[in-house]
Structures are given as structure tokens and as C-alpha cells.
Amino acid sequence: MREQRLHPWSWLFVLLQQLKQFLLPLIVLVVFGGRDGERDVYENLATLVVMAILVGVSLVRYLTYRYRIGADGLSIRSGLLSRNRREIPFARIHNVVVHQSLLHRIFGVAELRLESAGGARPEAQMRVLRLDQALALEQLVRQRGQATPEQAAEVSDSTTLLTLPPGEIVRLGLISNRGMIAMAATAGAAYQMFPQKMVANAIEDYGQQVFGYASRLHMGWMSGLITAASLLVWAIALLRVLSIALAALQYHGFRLSESQRRLTVERGLLARVRTSAARRRIQSWTLREGVLHRWFNRRSLNIDTAVVESRGEHRKSIRELVPLATPDTCDALVRHVLPGVQWPPTHWHAVPIRHWWRLCLWPAFWLALIAAALWPLAGQSALLVLLWLPWSAFKAHRQVRRMGWSVDARLVAVRGGWWTRWWRFAEIDKLQALRLSRSPLDRRCGTASLLLDTAGAFGDGPRLKLRLVPLEQARALHAQLSLTLARRRLRW
């Protein structure tokens with residue numbers, strides 16, 4: 001096939017992406033920056049020069065970017081002075097992401113990202129293609145990127161595995177803290193962008209108005225307490241409403257589907273994201289369950305693939321396989337994607353409860369350090385910090401009671417947490433390395449830790465690590481898994 005260009009409006013989206021990172025600071029500088037009138041001409045001229053350079057760079061990128069679809073891969077040519085040519089075999093592409101912002105949808109275009117294993121950046125990031133071209137290329141990767149020719153010849157319709165109705169999206173908003181995170185981010189951005197004196201004056205003025213209004217009401221302490229509690233309830237309710245709105249924006253129309261041994265996730269109200277990955281590319285799984293999850297009888301299910309995510313791009317990946325579902329639904333989905341695997345495990349090896357004190361050593365150390373630092377300022381009152389120790393000990397005891405691990409012929413699993421519970425597991429054929437380690441405390445207590453690495457161990461979640469295992473048991477398990485890995489072929 002002959003070489004093709006991107007969409008004619010591609011240069012505009014590249015320009016907007018370049019402006020995105022400093023557009024807000026520029027607006028703040030223009031609105032709040034001091035201007036004396038004499039330098040207006042020079043400042044406007046400098047702004048025009050910068051804009052002209054950015055537009056020129058965007059146009060050059062569009063004019064020099066070419067791609068060609070071959071029988072076994074994609075060939076990309078780019079660059080003017082420094083010319084690059086990249087060959088991307090279809091079989092090496094792990095994830096395919098089709099992203100549409102609101103502006104993309106207005107123009108009828110989409111951004112396509114092709115990700116492979118181990119790369120800090122996508123193998124190809126096409127800004128932008130016509131929507132039908134992007135979907136056709138995604139389908140081509142699905143068909144030609146199979147493990148065997150027999151799999152590539154399979155033709156099957158897309159099967160829906162999971163959807164999120166409006167009620168589930170409302171529950172997701174109530175469970176999550178997206179509203180609080182958004183408010184904190186907004187406050188931090190305002191503090192960074194606006195002059196510090198302006199922020200301080202605004203807080204002081206509003207505070208004086210609120211306290212002045214309250215003083216004119218002549219409320220007693222009981223009325224004041226009720227009013228403060230009411231305001232707190234209203235604030236929490238508004239944050240939850242904001243969380244529901246953000247969940248609707250992000251997960252509206254959520255659909256998890258399967259076609260030709262690939263899992264595809266579609267979601268989003270204004271910005272629409274469609275991302276897919278082959279089932280065989282999944283390296284590890286993580287189930288999570290917080291307190292609010294348990295109240296609603298819900299869990300979330302995440303996966304890790306052998307792709308290093310760029311900063312700011314994690315929301316476009318297929319990490320979040322199930323944002324919210326019942327425990328039975330999550331377990332059934334795991335068994336569907338991993339046929340023949342026993343999940344949940346029938347037997348968990350517990351961690352000896354007598355080691356609970358080891359989990360509260362660090363909190364005790366930091367509490368003692370804080371108390372010592374506050375002693376010159378607060379005197380004996382600094383010892384009140386140590387009142388946290390009983391809670392820390394109780395929490396450590398509960399955590400050890402829930403810790404456990406399971407290993408069978410197909411799967412290795414670890415569980416932990418108490419307030420927020422989690423289960424992490426992976427197929428034994430996806431393990432890349434084993435590491436048996438012993439800290440000074442392990443040598444003193446006769447225990448060891450066994451760390452299991454997979455190609456997708458890049459997330460910020462719990463690690464696939466067996467902790468506080470009796471030494472003889474850890475050594476026997478290490479020998480067993482080492483022998484198994486030596487006999488089997490790595491599948492990733």
C-alpha cells in the first residue's frame with residue numbers, strides 16, 4: 001500500500017497539544033500581569049513570533065509525517081532535518097487506543113495510539129486520522145496481530161461482557177473521591193496561577209463576611225455547632241454530586257467487549273476513549289474493595305499489560321477493566337478470560353498472626369519522631385501523638401489476619417489489606433523472575449519474602465509479593481516455582 005498522510009487538520013491538533021501545557025499560565029499573565037503601555041507592541045510582536053513558530057512546527061510535522069500499511073506491520077516516516085523511519089510489526093503491538101475529545105468528535109477525527117511492551121512512549125501516536133481510518137487500522141491490528149495464523153483467520157462478532165447502567169455510574173461516583181480530588185486540584189492550581197496576595201485577600205475577605213454574618217445572628221454554641229455540622233453535610237453532599245458528575249463524564253456509555261481474542265473498553269461522554277488489548281497480553285490482575293465498596297457489595301478489577309504508560313496517559317490505557325461490579329461478576333469475568341483457572345482459590349495459606357507487631361514498627365517509629373520534634377514546642381502535650389499507637393496496633397493485627405497467598409498449577413495469588421482490601425494474582429506462565437529476600441527482622445523471626453515479577457509490574461498498586469512466609473516454606477515454594485518456570489515457556 002502506498003504511503004498516506006494524516007488528516008489535513010492534523011497540524012491544528014498538534015498545535016493545540018503544544019499550547020495546552022502553558023495556555024492557562026499565558027492567560028493569567030495577560031489578565032493579571034502588570035502592563036505599562038510602552039511595551040505592548042514588543043510583547044504582542046513576541047507573542048506573534050512564538051505563535052508563528054509553533055504553527056510552523058505543526059505544519060512541518062504534518063507535511064513530513066507519512067505512514068504505510070504493510071502485510072505484517074506499519075511503517076512510519078517522519079522528520080525534516082532529522083529523518084526517522086520506524087517499522088512496527090503488528091504482532092508486537094499490545095494495546096490499541098482510539099481517543100476522541102469533544103473537538104475530535106466535532107471534526108469527525110480521532111487520535112490513534114499503538115503501544116508495545118516496555119516502551120516509555122507509544123510506538124506510534126497519530127494525530128489525527130479520520131474516524132473511519134482509525135477504526136479500520138484498529139481492526140487491521142486485531143486481525144493481523146494474532147499469535148497464530150489460525151487465530152488470525154477467526155472471524156467473530158463483538159461480544160459484550162459488561163456495561164455500566166446509570167445506576168452503577170451513580171454508585172461509582174458515590175464510592176469514589178473524584179469530587180474531592182478535583183476540588184483539591186482546582187485549589188492547588190488557583191494557588192499556583194494567581195498571585196499569592198490575591199488568594200490570601202480573597203480568603204480573608206470571605207472569612208470576615210461569613211464570621212460577620214454569623215456574629216449578627218447571635219447564635220449560641222449549640223446553634224453554632226448545628227450550623228457548622230449542617231454546612232459540613234452540605235459540603236460532603238456537593239462533593240459527592242461532583243463525583244457523580246465526573247464519573248458520568250468519564251464512564252458514560254462504558255462497554256467492555258470481546259472480539260477475536262481481544263478485550264475492548266469504550267467509555268466517555270464528551271471525550272470518547274476506545275482502547276483494546278489482546279487477552280494474552282494481560283500480565284497480572286488486581287481486585288480492590290474499599291469500605292464503601294463493601295456497603296454497596298461492589299468491587300473493581302484492574303489489569304496490567306506489558307506497556308509502560310507515559311505520564312498523563314494512564315486514563316487512556318486499558319488498566320481499568322471493570323470500574324465497578326458485584327464480586328460474582330468480577331470473579332466470573334476472570335474465569336471467562338482465564339479459562340481453566342480456579343478463581344477464587346479454594347485454599348489460602350495464612351500468615352502467622354504472631355508477626356502482626358512487625359507491621360506497626362514504622363508507624364511507631366514515625367510517631368516517636370514526631371513526638372520528639374514537638375516536645376520543645378508543646379512539652380508533655382506532644383505525647384498525645386502516641387495515642388495513635390493503639391489504632392496502629394489494631395490495624396496491623398487486622399491486616400495480618402487477612403494476609404495470605406495461594407499457588408496452584410496455573411495461578412499465583414496474594415491478598416492483603418483490611419480497611420481497603422485487595423487481591424493480586426497472575427498466571428505462572430507470565431512470571432519473569434523470582435526473588436527470595438530476607439531482612440534483618442526476617443532472619444531474626446525465621447521468615448522470608450518472595451517477590452514475583454511480571455512484565456506488567458509498573459503500576460502503583462500492591463506488588464505480587466509473599467511476605468512473612470516461614471523460611472522453610474518460602475524456600476520450598478521458591479524451588480518449586482523456579483523449576484516450573486524453567487520447564488515452561490514465557491507467555492506475554
Side-chain angles (χ1 to χ4, degrees), residues 1-24 26 47-70 73-90 92-116 119-142 144-145 264 266-276 307 309-317:
M1 183 180 293
R2 63 182 179 84
E3 289 187 337
Q4 303 180 54
R5 291 181 183 271
L6 299 176
H7 192 274
W9 286 111
S10 176
W11 68 271
L12 177 61
F13 288 89
V14 173
L15 175 63
L16 292 177
Q17 186 67 26
Q18 292 176 339
L19 291 174
K20 185 178 179 180
Q21 54 185 340
F22 57 88
L23 183 59
L24 284 178
L26 181 61
T47 302
L48 290 176
V49 170
V50 172
M51 290 297 298
I53 292 175
L54 293 177
V55 171
V57 170
S58 303
L59 287 173
V60 168
R61 287 188 179 182
Y62 164 70
L63 294 174
T64 59
Y65 195 100
R66 300 283 194 282
Y67 71 94
R68 183 175 60 84
I69 301 175
L74 191 69
S75 178
I76 296 178
R77 181 167 59 89
S78 62
L80 179 62
L81 300 179
S82 177
R83 299 182 179 179
N84 301 311
R85 185 180 183 91
R86 197 161 196 173
E87 302 290 338
I88 309 172
F90 290 126
R92 296 293 184 266
I93 297 175
H94 283 212
N95 293 347
V96 182
V97 180
V98 179
H99 176 250
Q100 273 192 300
S101 66
L102 181 60
L103 190 61
H104 286 115
R105 298 173 73 176
I106 293 175
F107 281 84
V109 297
E111 175 185 331
L112 185 71
R113 298 171 68 241
L114 306 177
E115 301 172 333
S116 66
R121 300 174 58 186
E123 290 294 330
Q125 190 167 6
M126 299 180 177
R127 297 192 181 105
V128 288
L129 297 171
R130 288 202 323 265
L131 180 58
D132 58 342
Q133 290 180 322
L135 295 179
L137 185 54
E138 179 198 28
Q139 183 67 19
L140 187 65
V141 172
R142 287 184 177 187
R144 300 186 182 178
T264 301
E266 301 175 73
R267 58 179 174 82
L269 180 60
L270 301 179
R272 193 73 180 167
V273 178
R274 176 187 173 95
T275 178
S276 65
V307 176
E309 298 171 349
S310 302
R311 185 177 181 181
E313 299 291 343
H314 64 281
R315 291 186 178 181
K316 298 179 184 178
S317 67

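Residues take their numbers from the sequence shown, with the count starting at 1.
Residues passing the side-chain hydrogen bond (donor to acceptor under 3.5 Å, both in side chains) test with Arg77, sequence neighbours excluded: Glu3. Applying the salt bridge (charged side-chain N to carboxylate O under 4.0 Å, His left out) criterion to Glu87, with sequence neighbours excluded, gives Arg85. When the side chain to side chain contact (heavy atoms under 4.5 Å, CB included) test is applied to Leu131, the partners found at least two apart in sequence or on another chain are Gln100, Ala110, Leu135. Every ring pair (Phe, Tyr, Trp, His ring centres under 6.0 Å) that Phe13 has, sequence neighbours left out, goes to His104, Phe107. Take Arg86 and apply the side-chain hydrogen bond (donor to acceptor under 3.5 Å, both in side chains) test, not counting sequence neighbours, and it matches Glu123. For Arg130, the side-chain hydrogen bond (donor to acceptor under 3.5 Å, both in side chains) test picks out Asp132, with sequence neighbours left out.
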Original post:
Are Glu111 and Gln125 close enough, and set up right, to give a side chain to side chain contact (heavy atoms under 4.5 Å, CB included), and what steps lead you there?
Top reply: CA-CA 7 Å; Glu111 175 185 331; Gln125 190 167 6; 2.8 Å; yes
**OP:** For Arg274 and Glu138, run side chain to side chain contact (heavy atoms under 4.5 Å, CB included): C-alpha distance rounded to whole Å, both residues' side-chain angles, the deciding distance at 0.1 Å, then the answer.
**Re:** CA-CA 10 Å; Arg274 176 187 173 95; Glu138 179 198 28; 2.8 Å; yes
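The two residues Leu6 and Val128 have their closest heavy-atom pair at CB-O, 3.5 Å. When all heavy atoms are compared, the tightest approach of Leu74 to Tyr67 is CD1-CD1, 4.1 Å.
For the pair Gln4/Arg66, no side-chain contact is recorded, criterion being any heavy-atom separation below 4.5 Å from C-beta on. At a threshold of 4.5 Å between non-hydrogen side-chain atoms, the residues Val98 and Thr275 do not count as touching. Val96 has its side chain within reach of Leu112: a pair of non-hydrogen atoms, C-beta onward, lies under 4.5 Å apart. Between Arg272 and Glu266 there is a side-chain heavy-atom pair separated by less than 4.5 Å. Residues Leu129 and Val109 are not in side-chain contact: their nearest non-hydrogen atoms beyond the backbone lie 4.5 Å or more apart. Looking only at side-chain heavy atoms (C-beta outward), Ile76 and Tyr65 come within less than 4.5 Å of each other.
Atom CG of Leu137 is separated from atom CD of Gln139 by 10.5 Å, given to the nearest 0.5 angstrom. Rounding to the nearest 0.5 Å places OG of Ser58 at 8.5 Å from CG of Leu12. Note that the OG atom of Ser101 and the CG atom of Leu16 stand 9.0 Å from one another [nearest 0.5 Å].
Of the possible donor and acceptor atoms, none in the side chain of Arg61 sits under 3.5 Å from a partner among the backbone N and O of Val14.
Under the 6.0 Å distance and 45° angle rule, Arg5 counts as a cation-pi partner of Tyr62.
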